[in-house]
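Reminder, nothing fancy here: chain letters follow the sequence lines and each chain counts from 1.
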Number of protein chains: 2
Amino acid sequence: MPVSNVVEPDSTGPTEQLLTPGEVAHIFGVDPKTVNRWSLTGKIPSLKTPGGQRRYRQSDVNALLNG
Amino acid sequence: MPVSNVVEPDSTGPTEQLLTPGEVAHIFGVDPKTVNRWSLTGKIPSLKTPGGQRRYRQSDVNALLNG
DNA sequence: GACGAATTGGGTAATTTGGGGA
DNA sequence: TGTGTCCAAATTACCCAATTCG
C-alpha cells in the first residue's frame, strides 16, 4: 500500500508534506543511507512511522537547503 | 511507479540532477579542489549537504561550459 | 623577456559518503 | 524500499610550490 498517507488529522501540527529518505536523498544528491545518517546525528529532525521508518518534513529539508 | 507522487512546487527544492565535485572536475578536466575553489569565488553556485559537502547543478555546469 | 597577481595542483589529516551484505 | 553496520573511497580545509595570464 502507498506510504503517502500523509494527511494528519491531528490538530497539533500543521499538515505538512512528509518526504521519504529516498526523496530527500534525491533532493540533496546523496544516497538514502546518508539521509538516515543525518537523522541519527541530529542534522535533520525526523518522524517515525509505526513501522519504524523515517519521514522528513518538507520545511526541515528546506531549512537545510537554505543554509 | 513512485511510492508517492510528491509534487515539489517549492522553489527551494532543486528538481534537478546534482553532480559531485569529482564529476564536475572530470567534465572540466581539472582537480576537484579547483572546482571547490570556483564555488568559493562565486564562479559556480553550489548546494551544501548537511555534512558540509558540495553538490553542483547540471544546468550551472552547462552554463559554464557554454558561456 | 621580465614582472606581479591570480590560478592550479601536490601533500596531509580529519570528516563525510557510498558500496556490499545482513 | 528502508534499516543498521563495517570498510573503502571521496571530499574538505589547510599550506605551499609551480604554472599561467596580462
Check against side-chain contact (heavy atoms from CB on, under 4.5 Å), Thr34(A) and Phe28(A): CA-CA 10 Å; Thr34(A) 299; Phe28(A) 281 96; over 6 Å; no

I would like to know whether Arg57(B) and Ile44(B) meet side-chain contact (heavy atoms from CB on, under 4.5 Å); could you show each step before the answer? CA-CA 9 Å; Arg57(B) 292 192 179 91; Ile44(B) 183 174; over 6 Å; no

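Residue-level contact check: Arg54(B) touches the backbone only, with heavy atoms under 4.0 Å from sugar-phosphate atoms and none from bases.
The line from CD1 of Ile27(A) to CG of Asn62(A) is 7.5 Å long, rounded to the nearest 0.5 Å.
Computed from coordinates, the Leu19(B) CG to dG18(C) P distance equals 13 Å when rounded to whole Å. Residue Lys48(A) contributes atom NZ, which lies 9 Å from atom C1' of dT3(D) at whole-angstrom precision. At whole-Å resolution of the value, CG in Leu40(A) and C1' in dT5(D) are 11 Å apart. To the nearest angstrom, P of dA9(D) lies 17 Å from CG of Asp31(A). Between Lys33(B) atom NZ and dT12(D) atom C1' the separation is 10 Å, expressed in whole Å. In this entry the distance linking CD of Glu23(A) with C1' of dG2(D) reads 13 Å, nearest Å. Put simply, CG on Leu18(B) is 16 Å from C1' on dG18(C), counting in whole angstrom units. The distance between atom CG of Asn36(B) and atom P of dT17(C), rounded to the nearest whole Å, is 14 Å.
When each of Gly52(B) and Tyr56(A) is assigned the nucleotide of DNA chain D with its nearest heavy atom, Tyr56(A) is the one assigned upstream, toward the 5' end. Judged by closest nucleotide on DNA chain C, Pro32(B) is the one of Pro32(B) and Val30(A) placed further toward the 5' end.
Contact of the Arg37(B) side chain with the Asp31(B) side chain is not registered, since no non-hydrogen atoms from C-beta on lie closer than 4.5 Å. Side-chain atoms of Arg55(A) and Leu19(A), non-hydrogen and from C-beta on, never get closer than 4.5 Å to each other.
Note on Trp38(B): every side-chain N or O is 4.0 Å or more away from OP1 and OP2 of dT7(C). Side-chain nitrogen and oxygen atoms of Lys43(A) include at least one within less than 4.0 Å of the OP1 or OP2 phosphate oxygen of dT16(C). For the pair Thr20(B) and dA10(D), the criterion of a side-chain N or O lying under 4.0 Å from OP1 or OP2 is not met.
Checking dT3(D), dG18(C), dT16(C) against the side-chain heavy atoms of Pro21(A) singles out dT3(D) as nearest. The side chain of Thr34(A) lies closest to dG18(C), out of dG18(C), dG11(C), dG2(D). Minimum atom distance to the side chain of Gln53(B) is reached by dT16(C), of the listed dG18(C), dT16(C), dG10(C). Set against dC15(D), dT3(D), dT11(D), the side chain of Arg37(B) has dC15(D) as its closest nucleotide.
Residues Trp38(B) and Leu47(B) do not share a hydrophobic cluster, clusters being chains of Ile/Leu/Val/Met/Phe/Trp/Tyr side chains in contact below 4.5 Å.
Base pairing analysis places dA22(C) opposite dT3(D); the two distances defining the Watson-Crick or G-U wobble pair are each below 3.5 Å. Partner assigned to dG1(C) is none, using Watson-Crick or G-U wobble distances below 3.5 angstrom.
Remark: the Arg55(A) side chain and the dG2(D) base include no donor-acceptor N/O pair separated by less than 3.5 Å.
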